[in-house]
Amino acid sequence: MTDQIQTELAGGVLTVTLARPEKKNAITQAMYAALAEATQRARTDDAVRVLMFRSEGDSFSAGNDIADFIAIGSQGGGQVIDAPVFHFLRALADLDKPAVAAVRGRAVGIGLTLLLHCDMVVVAEDALLSAPFINLALAPEAASSMLLPAVVGHQRAFEIFALGEPIDGRTAMAWGLANRAVPADQVDAVAADLAGRLAARAPNSIRKTKRLMRDAEHLWALMLREGEAFGSQMSSPEAMEAFMAFSQKRAPDFSKAG
Ligand code: COA
């Protein structure tokens with residue numbers, strides 16, 4: 001079990017903290033396994049009324065650990081359904097209790113797409129949210145190919161995916177990705193207040209409401225379809241070029257890709 005994911009249950013709120021600040025909370029396989037376990041616990045443990053995601057350090061999450069991408073990609077990529085990330089995605093799709101996120105700094109890749117599975121999102125006004133899957137020659141995940149355009153519209157979602165440039169917290173709020181945009185030093189407190197208020201609501205009513213608002217099986221089926229595109233891209237020459245470029249701190253060169 002990794003100590004880079006920390007959990008604490010208080011007042012019916014299970015708080016999950018990403019705690020790998022020196023790597024901007026990039027998420028490793030071990031961290032996905034711990035996230036999956038915590039999210040499953042949130043659904044099955046009657047003591048948990050609300051799940052809250054937060055982070056240590058100056059970033060929410062830099063997304064999937066790119067060293068893990070290189071390792072998986074060099075082993076052939078392929079369908080990665082048995083990978084811990086898929087256990088986490090399944091748990092997110094199945095979660096029928098409220099989830100809240102407290103987002104400061106960078107939220108990249110799954111750092112953003114995770115927010116699409118949260119019911120209330122608090123962002124710092126100066127947070128920077130991005131989903132640069134195409135910069136890494138990958139494809140959208142976590143049902144974001146449907147959920148992101150559903151929230152922000154096709155053109156904005158396409159730009160977020162294809163250009164990979166970040167939007168700030170105020171824009172995220174204006175585009176419907178967040179409930180509150182507040183100064184960075186207030187994010188945790190505002191999110192904790194919302195989580196506490198949700199935890200006091202009638203638990204069965206709130207679960208039934210969330211279940212009516214989302215179709216878990218539809219989300220999971222889409223996650224699997226996305227996983228095929230993502231998995232086959234992961235071992236592609238263009239993705240390996242993108243991963244190596246990140247490791248070597250240079251821009252990728254896709255001019256020879258075909
Ligand atoms: N995987 C692995 N390591 C990562 C990482 C990731 N996704 N994101 C950041 N890190 C590491 C960096 O390699 C660096 O490690 P080092 O100190 O050993 O060199 C450390 O975290 C700090 O990152 P750095 O890039 O120096 O910080 P920054 O403030 O200049 O930039 C980001 C922050 C998030 C903008 C930048 O790190 C980044 O673009 N990361 C990749 C994001 C990404 O593409 N994720 C995958 C999405 S699918």
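Remember, it's 1-based here, ligands and their atoms both numbered in the order they're listed.
Side-chain atoms of E56 and T17 form no donor-acceptor pair, as typed in the model, at a separation below 3.5 Å. For the residue pair E8/T15, the side-chain donor-acceptor check at 3.5 Å is not satisfied.
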I'd like a table of the close N/O pairs between ligand 1 and the protein (anything under 3.5 Å), one pair per line with both atom names and the distance.
{"residue": "ligand 1", "atom": "1 (N)", "partner": "I66", "partner atom": "N", "Å": "2.8"}
{"residue": "ligand 1", "atom": "7 (N)", "partner": "A62", "partner atom": "O", "Å": "3.2"}
{"residue": "ligand 1", "atom": "7 (N)", "partner": "N64", "partner atom": "O", "Å": "3.0"}
{"residue": "ligand 1", "atom": "15 (O)", "partner": "K23", "partner atom": "NZ", "Å": "3.2"}
{"residue": "ligand 1", "atom": "18 (O)", "partner": "K23", "partner atom": "NZ", "Å": "2.6"}
{"residue": "ligand 1", "atom": "19 (O)", "partner": "K249", "partner atom": "NZ", "Å": "3.2"}
{"residue": "ligand 1", "atom": "45 (N)", "partner": "A62", "partner atom": "O", "Å": "2.8"}

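For K249, the salt bridge (charged side-chain N to carboxylate O under 4.0 Å, His left out) criterion is met by no residue, not counting sequence neighbours. Every residue two or more places apart in sequence or in another chain was checked for a side-chain hydrogen bond (donor to acceptor under 3.5 Å, both in side chains) with S130, and none qualifies.
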Determine, stepwise, if the pair L115 / L129 fulfils side-chain contact (heavy atoms from CB on, under 4.5 Å). CA-CA 10 Å; L115 307 181; L129 284 61; 3.9 Å; yes
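Applying the under-4.5 Å side-chain rule to Ile, Leu, Val, Met, Phe, Trp and Tyr, the cluster around V108 consists of that residue alone.
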